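Worth knowing before you read on, the calculation uses all heavy atoms, side chains too, and leaves out hydrogens, waters and symmetry mates. For clarity, every value in this text was computed on a predicted model and none was experimentally measured. Naming: A, B, ... by sequence-line order, numbering from 1 per chain.
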Amino acid sequence: MGRPNEAVEALLQEFADLLAITNGEPYKIRAYENAARTVAGYPVDVSGLDLRGLREIPNVGKSIAEKIIEYFATGHVAALDQLREEIPAGVRELVTIPTLGPRKAMILYSQLGIASVDQLEDAIHSGLLEEQHGFGPKTAANLLHGIELLARSSGRVLLDEAMAVAEEVTRALSAHPACLTCAYAGSLRRMRETVGDVDLLAASTDSGPVMEALTHLPLVGEVIAHGPTKTSVRTTTGLQVDLRVVTPQSWGAALQYFTGSKEHNIRVREIAVRKGLKLSEYGLFRIDDDALVVSETEEAVYAKLDLAWIPPTLREDRGEIEAARTGRLPDLVTIADIRGDLHTHTDLTDGTASLTDMLAAASARGFHYYAVTDHAKSLPMQRMTDEKMLAQRDRLRMLADTTDLELLHGTELNIDPDGEVDWDGDFLAGFDIRVASIHSRFGQPRKAMTRRLVRACENPYVNVIGHPTTRKLNQRPPVNADFDAVFEAAAATGTAMEINSCPDRLDLPDDLILRARQHGVKFAIDTDAHAVAHLDNLRYGVGTAQRGWLSADEVINAWPLDRLREFIAAKVARLAPVGAGARRARQGRH
DNA sequence: GCCGTTTTCGGCCCGACTGTTTTCAGTCG
């Protein structure tokens, strides 16, 4: 189980889901959903709050606060237990089938007694479903199709896969003569860590041919919906792509609308309503006479609502609207700010490219400096030795004259279960920079895992904690640790937290970045490249950093090299035991 | 159920597509 806030989030979300199935009031359902989201993102541990403290959380009123109190006092919420009794778990599972929402799920359960996906499948095959009022043959076929999709897909795909599809389709549609502009929107534009479907937007005065062009692209496996303003297809790999075509005049309003998030848009629309305006994908209109106010650019739409333009990566209703209103939006770190990569590999360990190939690729990217950080000796499979590491260092020093990059010799250390790393201080001191990461024993109990990470931070020579949660998206959960304690140690010792750009890692995740920066932690946005192509993943790490509201000043590899070296030296100076040499030198002065 | 620089009551975002219910409900984003 995660932190108490996440437990409460799950609780409130389940409550909302069950209310929806039992025909609860729509606004009550939304109230629980809103509360679930705010509690999850609330920086204070809710288990330590009293009724008064809980009610200070936005969207948490008397009723929800009391349920949270009840949960921490007894481990249960009576009202939730009652709903659970009414609705079997299988019925909640039904609403995960595409095209099957809470209303139909409730009809299936109350009229036909269907309480699981399997039972639904049986009911369709036996013809029972079609006897039910409102369920025709097409509905039955859609449900079967949905069940099949559910069975073979894990749902959301990684950013790089979605990006590849989006870029291929936008490139193809942009080349179409009827298409004036084409761009991707949705969670992909917001750089969420995974993407459910790809939302595309095109501007055209003649939508038909553009829609038609999409349905005929080679990567399209099936056409799901095909109307005059919206077309949905599924790629041969199972990813859904939605295309909306709007007039060029509506471009800004449409881009704003389809970028989301849904929660962000609800807030923006509420602001519009309070100003006597109505915002839709077609523009911002006056409510009284339907007159168009603005629509051509996102900037103009936000400006008319007295808001600064909000970067898509911030549009999650996590305080960005208030910040836009008061001129306090962060100056977000960008790819152009990144001066060097601090975590990369070569074929000396498990990389696939040679040192010279990696350096050439890094130089071509325009980096100022570049750290080579092959695995240290404790991972047996890497066959690293002191001699090989020192030989690599010599080679790197010799290559210094052949490149415009400032070369740093580093290593990726392994944090063992006790928090120790591969080498002692004397050997570690020979590196320019040291990343330290967990590579095994992911299942340690919370207390031991926390101590493990804190001890790594306390090592005077460890400069960056690599992929701190070690999660793999869609594969492996994050380690269980008290990350607030880890961040506190990181901030106190001058240890940066990595934002690993691998699309299956994106680690730290955005929510932990937000928490870490409250402790004053610094960050390193690295690619952890094991091949030349991986250097291109940097944009996903930067996107994740933006979602964590980071500015360039908080990112150590956005700093000039001198400042980065000072950061590294300062930790050693503060924490390293004074060596024999230094002691002698000091005695000599007296 | 929550919320208040119009309000402690009366609001709470908006539109497209599908399938089937020939006038609209459900789902989705």
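By the side-chain hydrogen bond (donor to acceptor under 3.5 Å, both in side chains) test, A/Y109 is found to be paired with no residue, residues two or more places apart in sequence or in another chain being considered. With sequence neighbours excluded, no residue forms a ring-ring contact (aromatic ring centres under 6.0 Å, His included) with A/Y257. Every residue meeting the salt bridge (Lys or Arg N to Asp or Glu O under 4.0 Å) condition with A/E66, not counting sequence neighbours, appears here in chain and number order: A/K62. Every residue was checked against the salt bridge (Lys or Arg N to Asp or Glu O under 4.0 Å) condition with A/K262, not counting sequence neighbours, and none meets it. Here A/E322 pairs with A/R325 under the salt bridge (Lys or Arg N to Asp or Glu O under 4.0 Å) rule; sequence neighbours left out. Residues that satisfy the side-chain hydrogen bond (donor to acceptor under 3.5 Å, both in side chains) test with A/D290, not counting sequence neighbours, are absent from this structure.
Taking atom P on both nucleotides, B/dT23 is separated from B/dC13 by 30 Å, rounded to a whole Å. One C1' atom belongs to B/dG11, the other to B/dT7, and the distance between them is 9 Å to the nearest Å. For the C1' atoms, the distance from B/dG1 to B/dT8 is 14 Å, rounded to whole Å. Spacing of P atoms, B/dT20 relative to B/dC28, comes out at 16 Å, to the nearest Å.
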Side-chain donor-acceptor distances from residues 270-285 of chain A under 3.5 Å, at least two apart:
residue : atom : partner : partner atom : Å
A/K275  : NZ   : A/D306  : OD2          : 2.9
A/S280  : OG   : A/Y282  : N            : 3.1

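Residues of residues 121-133 of chain A that place a heavy atom closer than 4.0 Å to DNA chain B, in numerical order, are A/H133. Residues of residues 295-313 of chain A having a heavy atom closer than 4.0 Å to DNA chain B: none are found.
Looking at heavy-atom distances under 4.0 Å, A/V60 makes contact with sugar-phosphate atoms alone, never a base. At the heavy-atom level, A/N34 lies nowhere under 4.0 Å from the strands shown. As judged by a 4.0 angstrom heavy-atom cut-off over every strand, A/G61 is placed among residues touching the sugar-phosphate backbone only.
Taking atom CZ of residue A/F135 and atom P of nucleotide B/dT18, one finds them 19 Å apart after rounding to whole Å. Straight-line distance from the CZ atom of A/R269 to the P atom of B/dG15: 7 Å, rounded to whole Å. With rounding to whole Å, A/I57 atom CD1 is found 11 Å from B/dC3 atom P. The distance from atom CD of A/Q256 to atom C1' of B/dC13 is 12 Å, rounded to the nearest whole Å.
In this structure the side chain of A/F72 reaches within 4.5 angstrom of the side chain of A/V46, judged on heavy atoms.
Distances were taken from every side-chain heavy atom of A/E270 (C-beta onward) to each of B/dC2, B/dG1, B/dC12; the shortest belongs to B/dC12. The side chain of A/N59 approaches B/dC3 more closely than any other nucleotide in the set B/dC14, B/dC3, B/dC13. In the set B/dT18, B/dT20, B/dC17, the nucleotide with an atom closest to the side chain of A/K138 is B/dT20.
Using a cut-off of 4.0 Å between Lys/Arg side-chain N and Asp/Glu carboxylate O, A/E320 and A/R315 are scored as not salt-bridged.
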Restricting both atoms to N or O, compile the protein contacts to nucleotides 25-29 of chain B shorter than 3.5 Å, with distance only.
residue : atom : partner : partner atom : Å
B/dT27  : OP1  : A/G101  : N            : 2.7
B/dT27  : OP1  : A/G101  : O            : 3.0
B/dT27  : OP1  : A/K104  : N            : 2.9
B/dT27  : OP2  : A/R103  : N            : 3.1
B/dT27  : O5'  : A/G101  : N            : 3.4
B/dC28  : OP1  : A/T99   : N            : 2.7
B/dG29  : OP1  : A/D197  : OD2          : 3.2
B/dG29  : N2   : A/Y257  : OH           : 2.3

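Evaluation of the salt bridge (Lys or Arg N to Asp or Glu O under 4.0 Å) test over residues 164-189 of chain A, restricted to residues two or more places apart or in two chains, returns A/E167-A/R539, A/R189-A/E298. Pairs of residues two or more places apart, or lying in two chains, that qualify as salt bridge (Lys or Arg N to Asp or Glu O under 4.0 Å) and include a residue from residues 11-22 of chain A are A/E14-A/R84, A/E14-A/R92, A/D17-A/R92.
Taking side-chain N and O atoms only, A/Y282 has a distance below 4.0 Å to OP1 or OP2 of B/dA16. Of the side-chain N and O atoms in A/T139, none sit less than 4.0 angstrom from OP1 or OP2 of B/dT18. Side-chain N/O atoms of A/R30 include one lying less than 4.0 angstrom from OP1 or OP2 on B/dC13.
In summary, of the residues considered (A/H264, A/R192, A/R547), a side chain to side chain donor-acceptor pair (under 3.5 Å) with A/E316 occurs for A/R547 alone.
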